[in-house]
J.: 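Sharing a structure, written as structure tokens. Questions coming.
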Amino acid sequence: MSSLQFYNSLSRQKEVFSSITPGRVGMYVCGPTVSGESHLGHARPFITFDIVYRYLRHLGYQVRYVRNITDAGHFEEEGRESEDKISKKAILEKLEPMELVQKYTNLFHWAMREFNNIEPTIEPTATGHIVEQIVMIQRIIADGYAYEANGSVYFDVEKYHRDFSAKGMQYGILSGRILDDQLETTRELESQDEKRNKSDFALWKHAAPEHIMRWQSPWGEGFPGWHIECSAMSNKYLGAKFDIHGGGMDLQFPHHECEIAQSAVCNHQIPARFWLHNNMITINGRKMGKSYNNVIKLSELFSGTHEILTQGYSPMTVRFFILQTHYRSTLDFSNEALQAAEKGLRRIWEAFTQLNKFVIAENNISAGDPDLEQQCFEILNALDDDMNDDLNTAKVLAGLFELVPVINSIKDGLIKGNALTTATMIMMKEKFNTFLVDIFGLKDEKRHDEQKLGAVLQLIADIRKDARAKKDYATSDKIRNQLLEAGIQLKDEKDGAVSWELV
RNA sequence: GGUCCUGUGGCCGAGUGGCUAGGCAGAGCUCUGCAAAAGCUUCUACAGCGGUUCGAAUCCGCUCGGGACCUCCA
């Protein structure tokens with residue numbers, strides 16, 4: 001079997017994965033900014049890295065998965081005007097940032113549960129690590145790579161670049177950006193603010209009087225810059241050098257580039273070995289974003305209450321939709337594509353459910369159909385290799401889909417029970433369970449009350465069966481048609497059994 | 001303007017130079033009282049133009065189209 005390979009954004013090629021500490025993996029993924037409700041775009045990285053997490057665990061690694069909550073910064077509630085400059089409002093009337101942050105954090109966690117994402121092992125908040133960030137900034141100032149200006153602190157990118165290029169940590173190493181070009185275009189633009197160069201970025205920002213989130217610091221009251229939180233928290237929980245750093249491609253620059261610079265100054269090395277970036281979700285070919293006014297919130301996506309949507313899509317449908325594309329490709333959203341995913345998921349899930357119901361014959365060591373046996377065996381064996389190849393979940397699913405007709409044919413008696421060996425049948429069961437449930441994190445979305453419904457439907461199906469036996473098709477069709485109108489579809493199986501599904 | 005990515009059949013999407021990806025939709029057939037489901041078959045494409053090669057969707061060049069980042073962003 002092949003070994004796991006990841007495409008490393010840092011080296012711009014696939015590399016065989018190995019962890020720094022044998023058997024253990026440290027992974028940091030940039031989490032959400034909780035100043036608003038999570039949207040479809042957020043689904044991609046957190047599902048993608050949930051797969052990474054699940055797969056590494058499947059491979060036997062003990063993983064420390066750190067995913068932050070960005071709850072500090074320049075916050076305003078959506079649709080709400082900035083807070084009054086000097087508010088005379090009573091405290092309960094004022095916008096309380098932590099209340100806002102809590103609300104959206106709760107919504108984010110709700111969405112993550114809906115997607116069946118496993119919680120990270122540590123979920124640190126930026127506001128909970130102000131001290132660590134201040135200490136790190138002080139360190140950078142002490143080393144001469146940051147300067148204070150009017151209560152704000154900026155990272156001196158030009159100086160950093162000059163000194164660290166020789167050490168192989170030039171500014172731009174991750175994004176491929178060339179600093180000199182940026183400086184050239186910058187000089188003409190003559191920035192009025194306190195920065196020495198336009199490419200300098202804030203480590204700490206002075207809080208204007210109207211700013212509602214603020215902390216005491218050696219430079220006065222203010223709040224941390226965006227990039228420093230991830231450096232401080234990853235360093236605290238994963239150390240100066242950890243295995244995997246993940247996030248969306250849009251974070252590659254400037255966010256991750258700046259993280260590298262900050263950590264390089266403090267720890268003299270690039271903080272992570274593997275940099276994994278998932279691509280964007282687009283709508284009609286355009287990235288989802290506030291500026292494009294095409295954001296679908298997750299609650300809207302599930303319920304179908306957005307003008308772009310013709311219907312709601314369940315969390316598992318969305319998850320499956322995302323898995324059908326490689327994580328480094330852009331994924332274009334459309335109703336047609338989601339509907340296709342919904343049907344595809346149903347098809348593979350029904351086959352999977354059926355497979356688990358099979359009673360596998362024991363001690364069948366000679367395949368009744370050697371060709372089919374060989375074919376299935378090859379498909380099953382390729383699954384791990386595809387997954388190891390930079391997490392090609394799309395290809396794994398394609399492989400599983402190829403086995404669906406085999407499962408259905410066995411069920412319908414079109415393929416004899418002894419066609420495949422016991423070993424292959426067991427392997428098929430194992431692989432479906434491993435990939436679909438353990439690694440891909442898919443789950444049955446049928447609710448518990450549907451089980452009670454099942455008992456009722458069984459009774460109705462029995463009555464209808466009697467009617468059919470008497471060739472009373474008027475009654476049997478009436479039952480079926482009216483149930484269909486109620487959204488329940490009966491299906492007469494070949495063996496005389498009746499199955500049903502909600503449509 | 002700079003730095004990259006990308007262009008695959010009606011739609012979505014894998015594709016490591018040579019072998020039918022897969023899903024959805026459509027068509028035909030089989031099974032079935034009918035339907036649904038299922039099975040089988042079919043539709044077999046790689047933006048365009050050159051080049052490298054015995055052989056290219058896959059490598060190189062050019063042209064055209066689309067997108068991302070350079071500002072908060074998953």
Side-chain angles (χ1 to χ4, degrees), chain A residues 12 14 29-33 35-36 38-49 70 73-74 172 175-178 180-182 184-186 198-199 226 246-255 257 277-282 285-292 295 320-321 324-326 328-348 350-351 354 379 382 385-386 389 392-402 404-409 411-415 468 471-473 476-477 480-481 484 489-494 498-501 503:
Chain A
R12 295 175 184 76
K14 284 184 199 170
V29 174
C30 292
T33 301
S35 61
S38 303
H39 56 76
L40 174 57
H42 290 106
R44 189 119 195 238
F46 304 131
I47 289 174
T48 298
F49 288 101
T70 299
H74 187 78
S175 59
R177 229 157 273 275
I178 296 160
D180 296 341
D181 295 348
Q182 296 193 343
E184 264 174 42
T185 55
T186 305
K198 201 195 169 197
S199 52
W226 177 37
M249 263 183 191
D250 50 346
L251 298 182
Q252 202 167 335
F253 190 90
H255 187 52
E257 195 72 63
H277 292 100
N278 63 274
N279 216 317
M280 302 289 101
I281 288 183
T282 58
R286 270 240 122 74
K287 179 188 157 181
M288 192 173 301
K290 264 185 195 166
S291 46
Y292 297 122
V295 174
F320 184 77
F321 172 66
Q324 272 192 304
T325 304
H326 192 273
R328 279 191 295 106
S329 301
T330 53
L331 173 55
D332 195 48
F333 171 92
S334 69
N335 281 290
E336 293 77 10
L338 260 294
Q339 282 160 11
E342 187 178 70
K343 288 180 185 172
L345 172 60
R346 191 185 305 165
R347 176 170 156 83
I348 203 168
E350 280 186 5
Q354 183 57 48
I379 291 170
D385 291 336
D386 291 335
D389 183 15
N392 198 333
T393 56
K395 218 172 171 190
V396 171
L397 282 173
L400 293 175
F401 264 114
E402 286 196 71
V404 167
V406 177
I407 295 167
N408 287 332
S409 294
K411 180 195 171 203
D412 288 346
L414 299 169
I415 292 176
R468 290 181 70 209
K471 297 201 189 293
D472 178 6
Y473 296 125
S476 71
D477 286 354
R480 191 178 62 202
N481 293 338
L484 187 59
Q489 181 156 65
L490 293 185
K491 292 181 246 181
D492 296 321
E493 308 281 341
K494 282 202 167 49
V498 179
S499 67
W500 59 277
E501 78 176 277
V503 289

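Chain letters run A, B, ... following the sequence lines, proteins first and then strands; every chain starts at 1.
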J.: Measure CG/A:Leu490 against P/B:A35 and give the value in whole Å, please.
T.: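 Nearest whole value for this atom pair: 16 Å.
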J.: How close or far is atom P of B:A35 from atom CH2 of A:Trp500, stated in whole angstroms?
T.: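 So the CH2-P distance, A:Trp500 to B:A35, works out to 24 Å.
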J.: For A:His255 and B:C70, what is the distance between atoms NE2 and C1' respectively, to the nearest whole Å?
T.: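 Atom-to-atom, A:His255 to B:C70, this comes out as 16 Å.
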J.: Between A:Arg468 and A:Asp492, does at least one N-O distance fall below 4.0 Å, as a salt bridge requires?
T.: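 Looking at A:Arg468 and A:Asp492, the cut-off is met.
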J.: Rounded to whole Å, how long is the line connecting atom CD of A:Glu257 with atom C1' of B:U71?
T.: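 The answer, rounded to whole Å, is 16 Å.
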J.: Within the 4.0 Å heavy-atom criterion, would you say A:Met249 contacts the bases, only the backbone, or no part of the nucleic acid?
T.: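 Contact class for A:Met249: none.
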J.: Mind checking who B:U53 pairs with, Watson-Crick or G-U wobble, both distances under 3.5 Å?
T.: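 Looking at the geometry, B:U53 pairs with no nucleotide.
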J.: How many Å lie between CG on A:Asn278 and P on B:C69, as a whole number?
T.: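 Atom-to-atom, A:Asn278 to B:C69, this comes out as 13 Å.
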J.: Quantified in whole Å, what is the C1' atom distance between nucleotide B:C46 and nucleotide B:U20?
T.: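 Those two atoms are separated by 15 Å.
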J.: In this structure, how many angstroms lie between the P atom of B:C24 and the CD atom of A:Glu350, rounded?
T.: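 Atom-to-atom, A:Glu350 to B:C24, this comes out as 12 Å.
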J.: For B:C11, give its Watson-Crick or G-U wobble partner with both distances under 3.5 Å, or none.
T.: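 B:G23 is the nucleotide pairing with B:C11.
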J.: Using a cut-off of 4.0 Å on non-hydrogen atoms, how would the nucleic acid contact of A:Leu338 be classed: base, sugar-phosphate, or nothing?
T.: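 Result for A:Leu338 = nothing.
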J.: With under 30° as parallel and over 60° as perpendicular, where do the rings of A:Phe46 and A:His42 fit, or are they tilted in between?
T.: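 The arrangement is parallel - the two ring planes meet at less than 30°.
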J.: Check every strand shown and say whether A:Gln252 touches a base, only sugar-phosphate, or nothing at a heavy-atom separation below 4.0 Å.
T.: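 The residue A:Gln252 makes no contact with any strand.
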J.: Reading nucleotides 4-18 of chain B 5' to 3', which nucleotides get B (base under 4.0 Å from a protein heavy atom), which S (sugar-phosphate only), which -?
T.: --------SSSS---
J.: With sugar-phosphate meaning primed atoms plus P, OP1 and OP2, does A:Arg347 contact a base, only sugar-phosphate, or nothing at under 4.0 Å between heavy atoms?
T.: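 Touches sugar-phosphate only.
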J.: Side chain of A:Ile281, heavy atoms from C-beta onward: which of B:C34, B:A74, B:G2 has the nearest atom to it?
T.: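 Closest nucleotide to the A:Ile281 side chain: B:A74.
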J.: Output the distance between atom CZ (A:Arg347) and atom CG (A:Leu345), rounded to the nearest 0.5 Å.
T.: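 Separation between the atoms: 12.5 Å.
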J.: Need one value for A:Phe401: base, sugar-phosphate or nothing, where a base atom within 4.0 Å counts as base even if backbone is also close, heavy atoms only.
T.: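 Sugar-phosphate: the residue A:Phe401, judged by heavy atoms under 4.0 Å, touches backbone atoms but no base.
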J.: Tell me the partner of B:C40, counting only Watson-Crick (N1-N3 plus N6-O4 or O6-N4) or G-U wobble (N1-O2 and O6-N3) with both under 3.5 Å; none if nothing fits.
T.: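 Paired with B:C40, as far as the under-3.5 Å criterion goes, is B:G28.
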J.: A:Asp472: which residues meet the side chain to side chain donor-acceptor pair (under 3.5 Å) condition with it, sequence neighbours left out?
T.: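 Testing A:Asp472 for side chain to side chain donor-acceptor pair (under 3.5 Å), a comparison that skips the adjacent residues, returns A:Thr475.
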J.: Base, sugar-phosphate, or nothing for A:Lys287, non-hydrogen atoms under 4.0 angstrom?
T.: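 It contacts base atoms.
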J.: Using whole Å, report how far CG of A:Leu397 lies from P of B:A21.
T.: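 So the CG-P distance, A:Leu397 to B:A21, works out to 18 Å.
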J.: Take A:Glu350 and A:Asn408 through the test side chain to side chain contact (heavy atoms under 4.5 Å, CB included) and record every step on the way to the result.
T.: CA-CA 9 Å; A:Glu350 280 186 5; A:Asn408 287 332; over 6 Å; no
J.: Classify the side chain of A:Asn408 versus the base of B:C40 as yes if they form a donor-acceptor pair under 3.5 Å and no if they do not.
T.: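 Check fails, no donor-acceptor contact within cut-off.
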